[in-house]
Amino acid sequence: SYHQAIEKSGLHSLLAANVLPDSAASGRLLGELYQKAMAPIGVLQQGERIIDRGDIVTPQLYTVLKTYEAMSIEKGTGRVSGNVYPFLGQVLYVVLLLSALFAYLYFFRRRLYRDLKVILLLMLLITGFTVFAFIMSKTFVSGLYMVPFTMVPIMVLVFFDGRTALFSHLVQILLCAVISSFVLEFVFVQFLAGIAAINSLKELSRRSQLLRTAFFVLLAYVVSYVAVEVMQTGSFGTVSTRMFGCFAINAVFISFAYVLIFVFEKMFGFTSVVSLVELSDINNPTLRELSEECPGTFQHSMAVSNLAAEAARAIDADVQLVRAGALYHDIGKINNPAFFTENQHGVNPHDALDPVQSARVVIGHVTDGVKRADKAKLPGVIKAFITEHHGKGKARYFYNTYCQAHPDEDVDPAPF
């Protein structure tokens, strides 16, 4: 036979095996196959989702849960609730995040840092949404994704600025990340949703803009969630349509931010862009009275408003605030319209007055304007335009007239 022939020729002594058993690789493959085989009866793999709220507990799931319980006891996590260290770690975690927020305000937004109302608003927003997120996560399946976290940056953006809005949003989602079962997915999805909200709502002046923002936030949620899910599992089959429903509910909540803005505006006395747009409406009672009683002053205010708004836009100032403030800066002239040149028609009542009296009337339009602003309940930022638009200068025409009429007198400039 062939075997005998090879044996007699001694050829077998010249041959060496070139395929050898790899015990390490064989052991690894055997272990993987064993885990897959045992997975249905209680072997857990890292990153595996065990059970969701509302799922029916089958015998297989019960076995997996018992395995998880045994693993927890083995690692000592079963007794961790009685340990003070996790609680101290949570406290330190919260303190560090809030300290980061205060440090940002101190170094980059000192004006906001010194305003107690600003601090109270930020703390109320962050605390309120954190508590709401905890309640939702305990009440509904995937309830954490129904919480409209993007309302925090929207509120901060409307009252303050975009950079503060982004920083507040980051602090908020990192605080709530400890509630989530899937931290990476939660932080990534919420971060992109906040970016979408801030970028799509640069300046809130109409309610329809909130609907547009809600759409972009929904789009960001869906795309980012699908991206993370596919990245982690390598398949579209694990994408849950229930999550899309949660995102839709979230987007609906965002549309109610308009009401929340109004409530906080009244509570803290802030002035939102929405209010400034409403104040800029020439059908506002105060502006309508100005146009009827002082048509020349009204046209002057409109011209100043347009010019000032363009100047504000050129230097990246608050255009809407400047526009509204300029419209109201001269409302004090309503009390004595004929004493101001833009409203005169050939007759100048100052001709019959002493220069000191004339100066008193002209200067008085500032204090008269503040009284009208208080009566109309105009916000403080608008009243500032009334009180400051003449600075500390003199009513120079009447001062010079008085000096010329009293050349030998040491004139007191105070009345002017």
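All figures in this text were calculated on a predicted structure; none of them were measured in a lab. Just so you know, these numbers use all the heavy atoms, side chains as well, and skip hydrogens, waters and symmetry mates.
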Candidate pair F256 and L210, rule side-chain contact (heavy atoms from CB on, under 4.5 Å), full reasoning: CA-CA 9 Å; F256 290 98; L210 277 176; over 6 Å; no
How far apart are the closest heavy atoms of L112 and V118, and which atoms are they? O-CB, 3.6 Å
Answer yes or no: is there a side-chain heavy-atom contact under 4.5 Å between L124 and M267? yes
For S200 and F216, indicate whether the former's side chain and the latter's backbone hold a donor-acceptor pair under 3.5 Å. no
What verdict does the side-chain contact (heavy atoms from CB on, under 4.5 Å) test give for Q299 and E342, after you've listed the backbone C-alpha separation in whole Å, the side-chain angles of each residue and the deciding distance to 0.1 Å? CA-CA 9 Å; Q299 293 301 322; E342 65 267 22; over 6 Å; no
On the ring face of F270, is K117 found with NZ or CZ under 6.0 Å from the centre and within 45° of the axis? yes
Under a 3.5 Å distance rule, please check whether S224 uses its side chain to pair with a backbone N or O of Y221 as donor and acceptor. yes
Establish, from distance only, whether the side-chain atoms of E265 and T271 form a donor-acceptor pair under 3.5 Å. no
CZ of R110: more than 12 outside heavy atoms within 6.0 angstrom? yes
Testing the 3.5 Å rule here: is there a donor-acceptor pair between the side chains of H365 and N335? no
Compare every heavy atom of L276 with every heavy atom of A324, then report the nearest pair and how far apart it is. CB-O, 4.0 Å
Heavy-atom side-chain proximity of C294 to F340 below 4.5 angstrom: no
So L211 and S255, do their side chains get closer than 4.5 Å, heavy atoms only? yes
Between the CG atom in L175 and the CG atom in L97, the distance rounded to the nearest 0.5 Å is 5.0 Å
Q209-Y258 side chain donor-acceptor pair, cut-off 3.5 Å: no
Ring pair (Phe, Tyr, Trp, His ring centres under 6.0 Å) filter on F134, not counting sequence neighbours, yields none
Do D330 and F298 have side chains that approach each other closer than 4.5 Å (heavy atoms only, starting at C-beta)? no
Value rounded to 0.5 Å, distance of CE in M155 from OG in S272: 9.5 Å
Do side-chain atoms of N343 reach the backbone of T297 as a donor and acceptor pair under 3.5 angstrom? yes
Evaluate the criterion salt bridge (Lys or Arg N to Asp or Glu O under 4.0 Å) for residue pair E289 and R372; output intermediate values, then yes/no. CA-CA 11 Å; E289 184 179 7; R372 284 189 170 272; 3.3 Å; yes
Checking the side chain of N306 only, and the main-chain atoms of M302 only, is there a donor and an acceptor separated by less than 3.5 Å? yes
Report yes or no: is the cationic atom of R163 (NZ for Lys, CZ for Arg) under 6.0 Å from the centre of the six-membered ring of F167, at an angle within 45° of the ring normal? no
Do F159 and I261 come within less than 4.5 Å of each other through their side chains, counting heavy atoms only? yes
Which heavy atom of S180 sits nearest to which heavy atom of L144, and what is that distance? CB-CD2, 3.6 Å
Would you call F102 and I119 a side-chain contact if the rule is heavy atoms closer than 4.5 Å? yes
Are the charged groups of K333 and D368 less than 4.0 angstrom apart, N to O? no
If I take atom CG from residue L116 and atom CZ from residue F268, how far apart are they, to the nearest 0.5 angstrom? 9.5 Å
Heavy-atom nearest pair, I154 first then A257, reads CG2-CB, 4.4 Å
Tell me whether T367 contacts the main-chain N or O of G364 through its side chain, where contact means a donor paired with an acceptor under 3.5 Å. yes
Would you check if F398 and F416 make a side-chain contact, meaning some heavy-atom pair closer than 4.5 Å? yes
More than 12 heavy atoms of other groups within 6.0 Å of D316 CG: no
Whether the side chain of Q344 engages the backbone of A338 through a donor-acceptor N/O pair (distance < 3.5 Å, no angle test) should be reported. yes
Rounded to the nearest 0.5 Å, what's the gap from OH on Y93 to CG on L98? Could you check? 11.0 Å
Please determine whether ring pair (Phe, Tyr, Trp, His ring centres under 6.0 Å) holds for the pair H329 and H300, giving the CA-CA distance in whole Å, both sets of side-chain angles, and the decisive distance to 0.1 Å. CA-CA 10 Å; H329 79 281; H300 158 74; 5.4 Å; yes
Once you round to the nearest 0.5 Å, how far does CD1 of I382 lie from OG1 of T286? 11.0 Å
Between Y145 and N250, a side-chain donor and acceptor under 3.5 Å: no
Is the backbone N or O of V95 less than 3.5 Å from a side-chain atom of S99, with the two atoms forming a donor-acceptor pair by type? yes
Audit row: L184, Q232, side-chain contact (heavy atoms from CB on, under 4.5 Å) steps and yes/no: CA-CA 10 Å; L184 172 63; Q232 291 182 331; 3.7 Å; yes
Considering only heavy atoms from C-beta outward, does the side chain of C176 approach that of F186 to under 4.5 Å? yes
A177 versus V187, closest heavy-atom pair with distance: CB-CG2, 3.9 Å
Please check: side-chain N/O of H169 versus main-chain N/O of Q190, any donor-acceptor pairing under 3.5 Å? yes
Rounded to the nearest 0.5 Å, what separates atom OG in S168 from atom CG in L157? 10.5 Å
Indicate the atoms forming the closest heavy-atom contact of A359 with P415, along with that distance. CB-O, 4.0 Å
Spell out, as yes or no, whether a donor-acceptor pair under 3.5 Å connects the side chain of R109 to the backbone of T164. no
Any donor and acceptor pair, going by atom type alone, linking the side chain of R323 with main-chain N or O of A309 inside 3.5 Å? no
Could you go through L101 and M123, starting from their C-alpha distance and side-chain angles, then the distance that decides it, and tell me whether this counts as side-chain contact (heavy atoms from CB on, under 4.5 Å)? CA-CA 10 Å; L101 176 60; M123 290 300 98; 3.9 Å; yes
Residues S240 and Y225: side-chain donor-acceptor under 3.5 angstrom: no
Whether over 12 other heavy atoms sit under 6.0 Å from Y113 OH: no
